[in-house]
Enquirer: 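The structure follows.
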Amino acid sequence: FSRNRALIIKLIIFLAIFEVFNNVESISLTCDFLQTIRGYSCMAKNLKITSKDDRTINEVFGIHSRGKSNRDVEYFQATDLEIEYFPLNLGGFFNNLDFIMISNTPMKELKATDLQQFGSQFKSFNIERSDLEVLERGLFNSMPNLESVSMVHNKIKHVDDGVFTS
């Protein structure tokens with residue numbers, strides 16, 4: 001009897017763990033990879049991020065140009081996509097990324113922790129025609145070589161002191 005009970009407990013634990021992993025949505029990024037005036041680029045397609053708790057990109061798909069890979073991507077663009085929260089792990093796939101353009105999305109918030117995934121080589125950051133409302137203190141601290149920022153046509157209501165400094 002105690003042996004069957006132990007087996008049933010193990011089965012219940014296994015099913016609970018399976019249910020947790022089964023409910024985690026995998027965020028996939030599909031790119032059109034191409035050479036642009038901004039460098040080798042990922043033009044995002046079909047990216048949908050609607051949950052603050054589930055926005056980590058787990059895989060990247062797309063056909064690279066001959067001799068190119070994710071390591072060569074310098075520019076990321078996402079336009080007219082359902083991105084409500086800033087995607088995490090972009091910097092993990094594209095570690096030479098130095099320019100981001102996100103436009104015409106329902107994104108309302110951007111946190112300094114969202115941008116810590118990028119290296120110090122980062123130069124330009126644009127979120128335009130979206131729903132950003134607040135820019136928090138130290139937002140760009142992890143980007144010491146940042147040269148340009150564009151946040152035109154957002155719904156910005158508040159800018160904290162020290163957005164560009166710690």
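Just so it is clear, the values below take in all heavy atoms, side chains as well, and ignore hydrogens, waters and symmetry mates. Along the sequence shown, the residues carry numbers beginning at 1.
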Enquirer: Only counting residues at least two apart or in another chain, list the ones meeting side-chain contact (heavy atoms from CB on, under 4.5 Å) with Ser120.
Expert: Pro144, Asn145
Enquirer: To the nearest 0.5 Å, how far apart are CG in Leu97 and CZ in Phe76?
Expert: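 It comes to 8.0 Å.
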Enquirer: Roughly how far, to the nearest 0.5 Å, is the NZ atom of Lys123 from the CD atom of Glu147?
Expert: 5.5 Å
Enquirer: So if you build clusters from Ile, Leu, Val, Met, Phe, Trp, Tyr with side-chain heavy-atom gaps below 4.5 Å, do Tyr75 and Phe33 land together?
Expert: no
Enquirer: Step by step, work out the side-chain contact (heavy atoms from CB on, under 4.5 Å) result for Cys31 and Phe94.
Expert: CA-CA 12 Å; Cys31 295; Phe94 308 129; 4.0 Å; yes
Enquirer: Between atom CZ of Arg38 and atom CZ of Phe99, what is the distance when rounded to the nearest 0.5 Å?
Expert: 4.0 Å
Enquirer: In the single-linkage hydrophobic clustering (I, L, V, M, F, W, Y; side-chain heavy atoms under 4.5 Å), do Phe125 and Ile156 co-cluster?
Expert: yes
Enquirer: Find out if a path of hydrophobic residues (ILVMFWY) with successive side-chain heavy-atom gaps under 4.5 Å connects Ile83 to Met43.
Expert: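 In one cluster with Ile83: Met43, no.
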Enquirer: Should Val134 and Lys157 be marked as a side-chain contact (heavy atoms from CB on, under 4.5 Å) after you check the CA-CA gap, both sets of side-chain angles, and the distance that decides it?
Expert: CA-CA 6 Å; Val134 175; Lys157 296 175 183 172; 5.6 Å; no
Enquirer: Same cluster for Leu88 and Leu90 if Ile/Leu/Val/Met/Phe/Trp/Tyr side chains link at under 4.5 Å?
Expert: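 Different clusters.
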Enquirer: Any idea which heavy atoms bring Tyr40 and Ser69 closest together, and the distance?
Expert: CE2-O, 3.8 Å
Enquirer: With a 3.5 Å cut-off and no angle check, do the side chains of His153 and Asn104 form a donor-acceptor pair?
Expert: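 There is no such pair (donor and acceptor under 3.5 Å, judged by atom type) between the side chains of His153 and Asn104.
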Enquirer: Are Leu81 and Ile27 linked, directly or through other ILVMFWY residues, by side chains that come within less than 4.5 angstrom of each other?
Expert: yes
Enquirer: To the nearest 0.5 Å, how far apart are CD in Glu74 and CD in Gln35?
Expert: 7.0 Å
Enquirer: Test Ser142 against Gln116 for side chain to side chain donor-acceptor pair (under 3.5 Å), laying out the working first.
Expert: CA-CA 5 Å; Ser142 64; Gln116 290 174 348; over 6 Å; no
Enquirer: Nearest 0.5 Å, please: how far is CG in Asn89 from OG1 in Thr56?
Expert: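 CG of Asn89 is found 6.5 Å from OG1 of Thr56.
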Enquirer: Counting heavy atoms not belonging to Lys108, are there more than 12 under 6.0 Å from its NZ?
Expert: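 Not buried by this count: 12 neighbours or fewer within 6.0 Å.
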Enquirer: Within a strict 4.5 Å, meaning less than it, do heavy atoms of the Asp160 and Leu139 side chains meet?
Expert: no
Enquirer: Output yes when a side-chain donor or acceptor of Asp32 lies under 3.5 Å from a complementary backbone atom of Lys45, and no otherwise.
Expert: no
Enquirer: Can you tell me if Glu59 and Ser28 form a side-chain donor-acceptor pair at under 3.5 Å?
Expert: yes
Enquirer: Mind checking whether Phe118 and Phe86 have parallel, tilted or perpendicular rings, split at 30° and 60°?
Expert: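 Perpendicular: the ring planes of Phe118 and Phe86 meet at over 60°.
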Enquirer: If you measure from OG1 on Thr50 to CZ on Arg55, what distance do you get to the nearest 0.5 Å?
Expert: 12.0 Å
